[in-house]
Amino acid sequence: MAMVENRARLDKTRCLLSVGVGILGAQSLAFRNLDSAAFDNFSNLTARGLDSIAQVGPVGIAILALGIGLLFYKLYPEFQNAGRRNRLTASIVAFILALSVVIPRLVKKTITSFNTYPDYLGGVPRWHEPIFWLVALIQLLSIGSVLAVSFCWLIHKTVDLGEPASPDAKDIIAPPGHTTIWERGARLFDGTPGHLVLATAVTLLCWVPMLIINGPANLGFDTMVQLIQVRTNHVWDPMMMVELPGYAGQDHHPFVDTYLYGLFDEFGLWLGNEILGFCILVVLQSIATAFALVMSFVWLKKRTNLPDSCVCICWCLAAFLPAFPMYMSAIVKDSTWISIFLLWMVAFFETLYRCNNNRSVGWKLIMCLIVLGVLSGLTKKTGIYVTTLSLFMLLIFLRKQIIPLLVSTLVPALLVIGLVPMVVLPALNIAPGGPQEALSVPIQQLSKVTVLHKDELSQSDREAINKVVDTDRAASQWRDSSADYAKHYGYRINSSSKDRKQFIKTWIRLFFRYPKDYIATVPYLVDSFVFGNTYYFSGPVRCGWWEAGGFKLLKGYSDCKPSYTQEKIGIPLTDALNKLPPFSFLGSEALYTLWLPVMSLGLTVAKRKYRNVLYLIPSVATWGTLLLLAAHSPRYSLCFLFIFALTIAIPFVKGDNHPSRHMSR
């Protein structure tokens with residue numbers, strides 16, 4: 001009798017708790033686009049909150065509250081029954097993910113229209129208002145609690161999902177001689193040449209409608225600068241806006257990409273239709289990327305315990321989510337580079353898999369790492385730093401297969417960072433890229449700090465800063481949306497390497513004196529990790545740099561104007577995808593840059609597969625590059641979208657991963 005009463009009491013408590021969490025969650029999700037005036041007093045906050053709820057509609061907010069409450073009610077038993085370790089892991093992961101929804105309100109942002117999912121940008125933060133922190137806390141607790149119970153449920157399901165099914169279980173699912181639709185679909189990823197070709201062709205076929213809609217091609221600012229160098233021999237630095245006479249090109253954007261785009265430009269002219277050359281390039285890079293994606297699914301099929309249904313669902317996402325082919329229609333270094341990096345990731349995962357299972361790496365695999373690492377660094381400059389750092393960290397943690405790993409780490413770095421700038425660029429008469437690119441964030445931060453705390457800085461600090469940056473000129477053009485303005489107008493071209501070293505030392509030292517100002521000057525750096533931006537993309541055929549000769553390229557297309565299909569279908573489709581669930585969520589940048597890696601880490605720790613954490617090294621290294629960029633754009637984090645399946649598979653990689661074995665062993 002006592003047990004029945006206790007159970008009834010628990011059910012009642014659970015029900016009340018679910019109702020409360022549902023209402024709070026719905027209210028917190030309804031508060032969108034609150035500007036600073038909302039926090040002036042309680043009545044303003046109430047009025048703005050009611051306005052935001054009214055925009056969703058009373059029926060909509062009631063359904064949202066009911067859904068959140070029902071979800072919490074169904075999943076809460078898994079949280080109660082989970083061990084202390086799993087509850088702690090779930091809570092930590094939920095807290096980090098909830099921050100990615102709440103944190104935009106804590107960053108100074110201008111109010112934007114609601115055209116992405118979900119746009120929580122909130123104006124100027126009112127740090128000194130208690131009500132501001134109360135709203136943020138309610139959002140954090142309500143969203144975090146739902147995520148925590150959901151994550152415990154996911155951990156419970158993952159334990160069964162990650163274990164290979166027994167023969168008896170397979171017989172129950174499918175009678176002898178009968179195969180399920182998932183098994184038939186997964187055969188495409190068994191690695192045989194015929195199936196590789198077929199899977200690549202089917203993937204490409206699924207992309208064709210979007211390639212046509214976003215066609216014939218998209219050439220952005222960076223690509224236009226590269227093509228101008230090849231077509232007009234007009235070489236200049238697009239960041240410093242200075243002429244570079246006597247040079248055949250400039251390496252601000254990778255020279256390999258420049259030659260590649262110039263080659264297809266000339267090919268189109270030779271064919272008698274200039275744009276046709278770029279259409280062919282779009283098709284070729286789409287084929288290469290589709291093949292790389294298929295190879296990642298082959299690796300999932302062979303090296304993980306993921307069931308065939310999960311592998312097929314991942315392929316369906318890559319084949320039918322418009323974000324993938326949208327970026328394949330763009331002629332830009334990120335789209336050209338992504339297939340190379342994805343293949344390198346597969347080789348990296350295979351190398352780590354063999355090391356974890358005490359298998360020989362083999363020189364064929366090492367040669368793949370070397371060749372792909374070199375190509376990655378030549379087509380996108382941050383690529384070489386990600387690949388080199390990832391292999392170096394792997395070498396430190398594993399302490400095995402030292403010679404093969406050392407060779408695959410050093411050879412690409414020596415070729416790309418050493419041989420190319422010292423030998424190849426001078427031989428081709430190509431001007432090297434300016435050192436200011438690596439100093440973008442320090443220039444942005446110190447330019448503002450110098451203005452805000454000019455009287456507090458010592459004479460030596462001011463001199464060290466002014467030798468590299470004209471702070472007065474940088475301050476007049478400074479914007480918090482990008483470091484390009486401070487870098488473009490403030491950087492001193494004649495600064496020496498010694499000056500730049502002292503500049504970096506000053507930047508590091510002053511961080512500990514003005515940490516809040518450092519963070520406030522680069523709000524754009526969090527954009528990759530919070531909900532708002534999506535990977536859905538559509539743009540004009542060509543755009544930019546008329547003053548440098550851009551008008552001579554693609555004369556049949558107006559500058560910064562979309563093509564017919566882009567204007568009539570591509571742009572409206574992009575707007576619709578940003579607003580319609582589930583596409584709005586599935587296309588969100590933060591889902592791939594933060595949520596999937598953090599959830600993968602949480603599941604790996606919960607399952608005590610500590611060695612599998614090493615598979616996340618390239619993701620962490622890429623995070624580092626995103627935090628050093630001069631501006632934010634979803635294409636800078638494009639690799640997270642294309643490696644999504646590999647990220648999901650990390651907790652399910654096969655192998656001997658006992659909890660007693662430490663990760664660095």
Side-chain angles (χ1 to χ4, degrees), residues 32 93 96-107 109 112-122 143 147 210 214 218 220 289 293 314 317-318 321-330 332-335 337-338 341-342 345 380 382 386 481-482 522-539 573-601 616 618-648:
R32 306 177 189 272
V93 172
I96 295 173
L97 298 181
L99 277 178
S100 72
V101 177
V102 178
I103 202 172
R105 176 156 315 170
L106 308 181
V107 178
K109 282 283 186 182
T112 60
S113 59
F114 181 65
N115 58 1
T116 56
Y117 173 82
D119 198 338
Y120 287 100
L121 307 184
I143 297 172
L147 288 174
M210 198 67 248
N214 254 15
N218 173 270
T289 306
L293 277 168
C314 285
L317 186 64
L321 190 68
F324 290 90
M326 280 177 166
Y327 269 97
M328 288 301 98
S329 66
V332 67
K333 61 178 177 288
D334 305 273
S335 299
W337 163 81
I338 191 61
F341 182 74
L342 182 51
M345 282 289 293
K380 186 176 180 179
T382 56
V386 172
S481 60
S482 170
V522 286
Y524 62 87
L525 291 182
V526 305
D527 289 351
S528 296
F529 307 101
V530 295
F531 277 103
N533 295 284
T534 70
Y535 285 113
Y536 300 123
F537 165 81
S538 185
L573 177 62
T574 299
D575 292 339
L577 290 171
N578 283 332
K579 298 175 183 178
L580 294 175
F583 298 102
S584 51
F585 180 75
L586 291 176
S588 176
E589 184 181 12
L591 173 63
Y592 301 93
T593 57
L594 181 69
W595 282 51
L596 287 185
V598 171
M599 291 178 69
S600 180
L601 174 64
L616 284 168
S619 297
V620 175
T622 305
W623 284 349
T625 65
L626 293 177
L627 296 176
L628 293 174
L629 294 175
H632 165 262
S633 173
R635 68 181 175 90
Y636 297 152
S637 64
L638 194 61
C639 63
F640 285 99
L641 173 66
F642 282 84
I643 67 170
F644 81 98
L646 293 175
T647 304
I648 291 173

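Throughout, residue positions are numbered sequentially from 1 according to the sequence presented.
In terms of the ring pair (Phe, Tyr, Trp, His ring centres under 6.0 Å) criterion, residue partners of F644 (sequence neighbours excluded) are, by chain and number, F324. Taking L627 as the reference, L525, F529 meet the side-chain contact (heavy atoms from CB on, under 4.5 Å) condition, with sequence neighbours excluded. Residues forming a side-chain contact (heavy atoms from CB on, under 4.5 Å) with A645 (at least two apart in sequence, or on another chain): F297, L300, C314. Partners of Y536 according to the ring pair (Phe, Tyr, Trp, His ring centres under 6.0 Å) rule, which considers only residues two or more places apart in sequence or in another chain, do not exist here. For the side-chain contact (heavy atoms from CB on, under 4.5 Å) test, residues two or more places apart in sequence or in another chain that qualify with T289 are W207, M328, I338, S339, F642. Shown here are the side-chain hydrogen bond (donor to acceptor under 3.5 Å, both in side chains) partners of S600, two or more places apart in sequence or in another chain: there are none. Partners of A631 under the side-chain contact (heavy atoms from CB on, under 4.5 Å) rule, at least two apart in sequence or in another chain, are S482, D484. In this structure, Y327 has no side-chain hydrogen bond (donor to acceptor under 3.5 Å, both in side chains) partners at least two apart in sequence or on a different chain.
For the atom pair CG (N218) and OG (S538), the distance works out to 7.5 Å, reported to the nearest 0.5 Å. Remark: L629 CG to Y524 OH distance equals 8.0 Å, nearest 0.5 Å. In this structure, M599 CE and T647 OG1 are separated by 12.0 Å, a value rounded to the nearest 0.5 Å. Taking CE of M345 as the reference point, atom CD1 of I643 lies at 4.0 Å (rounded to 0.5 Å). Note that CG of L577 and CG of L586 are 10.5 Å apart. Values are rounded to the nearest 0.5 Å.
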Anything under 3.5 Å between a donor and an acceptor, one on a side chain of residues 96-104, the other on a protein residue two or more places apart or in another chain? List them.
residue : atom : partner : partner atom : Å
S100    : OG   : L97     : O            : 2.5
S100    : OG   : W595    : NE1          : 2.7

T625 and V386: CA distance, side-chain angles, deciding distance, side chain to side chain contact (heavy atoms under 4.5 Å, CB included) verdict: CA-CA 8 Å; T625 65; V386 172; 3.8 Å; yes
Full working for side chain to side chain contact (heavy atoms under 4.5 Å, CB included) between V93 and L601: CA-CA 9 Å; V93 172; L601 174 64; over 6 Å; no
Full working for side chain to side chain contact (heavy atoms under 4.5 Å, CB included) between T622 and C639: CA-CA 9 Å; T622 305; C639 63; 3.6 Å; yes
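Listed for the W623 side chain is a donor-acceptor partner under 3.5 Å among the backbone atoms of T593.
A heavy-atom distance below 4.5 Å is not found between the side chains of S528 and F640. Side-chain atoms of L293 and L342, non-hydrogen and from C-beta on, do get closer than 4.5 Å to each other. The shortest side-chain heavy-atom distance between L641 and P634 does not fall under the 4.5 Å cut-off. Here the side chains of Y535 and L321 are not in contact, with every heavy-atom distance at 4.5 Å or above. Side chains of L638 and W337 form no contact here, defined as non-hydrogen atoms less than 4.5 Å apart.
Residues in residues 626-638 take part in these salt bridge (charged side-chain N to carboxylate O under 4.0 Å, His left out) pairs, two or more places apart or across chains: D222-R635, D334-R635.
In this structure, P597 and L594 approach most closely via the heavy-atom pair CD-O, 3.3 Å. Across every non-hydrogen atom of M210 and P325, the tightest pair is CB-CG, 3.5 Å. Here the closest non-hydrogen pair linking S329 and M326 is OG-O, 2.6 Å.
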